[in-house]
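Structure first, commentary second.
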Amino acid sequence: MTTKVVTRFAPSPTGFLHIGGARTALFNWLYAKANGGTFLLRIEDTDRARSSKEAVEAILEGLEWLGLDWDGEPIYQHTRAERHREVAGELLDKGLAYRCYCSPEELAAMRERARAEGRPPIYDGTWRDRGVGEAPEGVAPAIRLKAARDGETIIDDEVQGRVVFQNNVLDDLILLRSDGSPTYMLSVVVDDHDMGITHVVRGDDHLTNAARQSQLFEAMGWQRPIFAHVPLIHGPDGAKLSKRHGSLGVESYRAMGYLPAALRNYLVRLGWSHGDDEIFTTEQIIAWFDFAGIGRSPARFDFKKLENLNGHYIRENSDQSLIAQIKRGLGEFESDAGLPQSLTDGQWLQLEAAMPGLKERARTLVELMESAGYLWAKRPLTLDGKAAKLLDEAGRNVLAGVLPRLEAVNPWVSDELEAAVRGFAEDEALKLGKVAQPLRAALTGTTTSPGIFDVLEVLGREESLARVADQVARETA
RNA sequence: GCCCCCUUCGUCUAGUGGUUAGGACGCCAGAUUUUCAUUCUGGAAACAGGAGUUCGAUUCUCCUAGGGGGUGCCA
């Protein structure tokens, strides 16, 4: 009985797509892909007050950017409220649910009492077996599931293993609020069933819910999906990931210059492993992903490792692909250096020409753009401290000496430029570095950059000579 | 309080009764080098603690400690 795999990602649109959600989505996507199944997207917006259109858009955009494409149209849970009420009604008719007239105050007192007596703080079933006749005047009831009080509910979880809950610690959960609106607990179960979800992959903060939902599935006589509760991602301090550390929206990672492929690789490796493998192509992840490889302990988010991985992916990417990704993100990149918001066609071409030297040195797209700053720096260049120090009188003398040699270079290409500069260094009995560093300072205003001959070539004859001349002229000024 | 889950280098992890406990990031040292990176070589670095079971436990069981999650008419 091999049924087709159907997974879903079901975020509630109360904020951006945070990194934990992204990983959950990734796992669902991977499992579906790995099994030739379907990956659905359901927006859990039953809490209308806390849901927003902006959040929905942020989530959709985040998934798209990460390359996690879903099948069909997203399903908005609030549009299915009628169906949810219908199921609650059915349960009521079958005697598997009942009306509860307790006030919030009574409920709070009930929990308080249980806690004080060391009992599980759950609803005590006050209205479980009372007739409608006893209902107080003018109080709208909530509808509760009549859950089993004895025995146990067992979840055979794909990652957590066999987890047993005693039914007496589980509530008679609320299906319909007193205003008639369906609760999350009812909605997920009905939707997962109606959508034909075969595998529910989500954070392990839902593990207890799985037991409750399991009872609901049972009450309706529906087959339960297979559960896989993956551990949450924690911050560097071991506590739950919050905005303080890494729990930013995925758009923040884009703004920091991370590549979707790198983030995917990092995220899948966080809590999941395939032997000693660290770097995977998307095809490999899909082929190798399984629940067995997911660990049961929470993992901490490590920016250092993400950066390293991202650097790897930047080096692996083609110049064209990097240009395309920079074009997409340029306006959103966050940098203290103040990156340009846009580039001219000519600058894009220069950037592409400089890309081989640039991508070797960057761990993020932002770093890459920061180090490309010399390309569009305006003459006369402002020198940073180290560069200024390098261009003391001695340094400027070297520049004055090498300038005529550069002027004589033709064609203006890296190899020819290197020959000219090396020739000058030899003639003057200088180590190459003694010439290259002042040149670098004059051409880029800094002491670090891609190979100096590449810099010269990319900058072009006119601009290069002018920048060097600027510094030489400073001597006499 | 009650329920559930977790615990191998700083971090992510491999390991499934017998290993010099492996890899990756980070860190340190060295090599290459026109700077910075890249690349390469080497190094330091871990089985939370205590009882069992066993000829033998990182691997199995129990307890303790620590961490996490849940405990809503939120999702």
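In what follows, every chain begins at residue 1, and chains take the letters A, B, ... in the order their sequences are listed. All values derive from a computational prediction rather than experimental measurement. Atoms considered below: every heavy atom in the structure, side chains included; atoms not considered: hydrogens, waters and symmetry mates.
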Rounded distance in Å between the C1' positions of rA45(B) and rC28(B) = 11 Å
Has the side chain of N209(A) got a donor or acceptor atom sitting under 3.5 Å from an opposite partner on the base of rA75(B)?
-> yes
How would you label the contact of R296(A) with the nucleic acid (heavy atoms, under 4.0 Å): base, sugar-phosphate, or nothing?
-> sugar-phosphate
From CZ of F9(A) across to P of rA75(B) the rounded distance in Å is 17 Å
Give me the ring orientation class for H229(A) and F227(A): parallel if the planes are under 30° apart, tilted from 30 to 60°, perpendicular past 60°.
-> parallel
Using atom CZ of R115(A) as one end and atom C1' of rG70(B) as the other, report the distance to the nearest whole Å.
-> 12 Å
When rounded to whole Å, the NZ to P distance for the pair K386(A) and rU34(B) reads 19 Å
In whole angstroms, the gap separating P of rA75(B) from CZ of F16(A) amounts to 20 Å
With a non-hydrogen cut-off below 4.0 angstrom, is T46(A) in contact with a base, only sugar-phosphate, or nothing?
-> sugar-phosphate
Taking distance alone, no hydrogens or angles, what donor-acceptor pairs closer than 3.5 Å link side-chain atoms of residues 291-300 of chain A to residues at least two apart or in another chain?
residue, atom, partner, partner atom, Å
R296(A), NE, V159(A), O, 3.1
R300(A), NH1, P236(A), O, 3.0

For the base of rU38(B), is there a side-chain donor-acceptor partner from R315(A) under 3.5 Å away?
-> no
Kindly write out the residues that satisfy side-chain contact (heavy atoms from CB on, under 4.5 Å) with I226(A), not counting sequence neighbours, or none if the list is empty.
-> E158(A), H199(A)
In whole Å, what is the span from the CZ atom of R212(A) to the P atom of rG69(B)?
-> 17 Å
Quick one: do K305(A) and E278(A) make a salt bridge, cutoff under 4.0 Å?
-> yes
Checking R440(A) side chain against A387(A) main chain: does a donor-acceptor pair fall under 3.5 Å?
-> no
Which whole-number value in Å describes the distance from F301(A) CZ to rC12(B) P?
-> 12 Å
Pairwise C1' distance for rC27(B) and rG70(B), with rounding to whole Å | 38 Å
Provide the distance between the two C1' atoms, one in rC55(B) and one in rG50(B), to the nearest whole Å.
-> 22 Å
Please work out if T448(A) contacts a base, only the sugar-phosphate, or nothing of the nucleic acid, heavy-atom cut-off 4.0 Å.
-> base
How is E44(A) classified with respect to the nucleic acid when contacts are heavy atoms under 4.0 Å: base, sugar-phosphate, or nothing?
-> sugar-phosphate
Contact class for P450(A) vs. all strands (heavy atom < 4.0 Å): base, sugar-phosphate, or nothing?
-> base
Closer than 4.0 Å, any side-chain N/O of T183(A) to the OP1 or OP2 of rC73(B)?
-> no
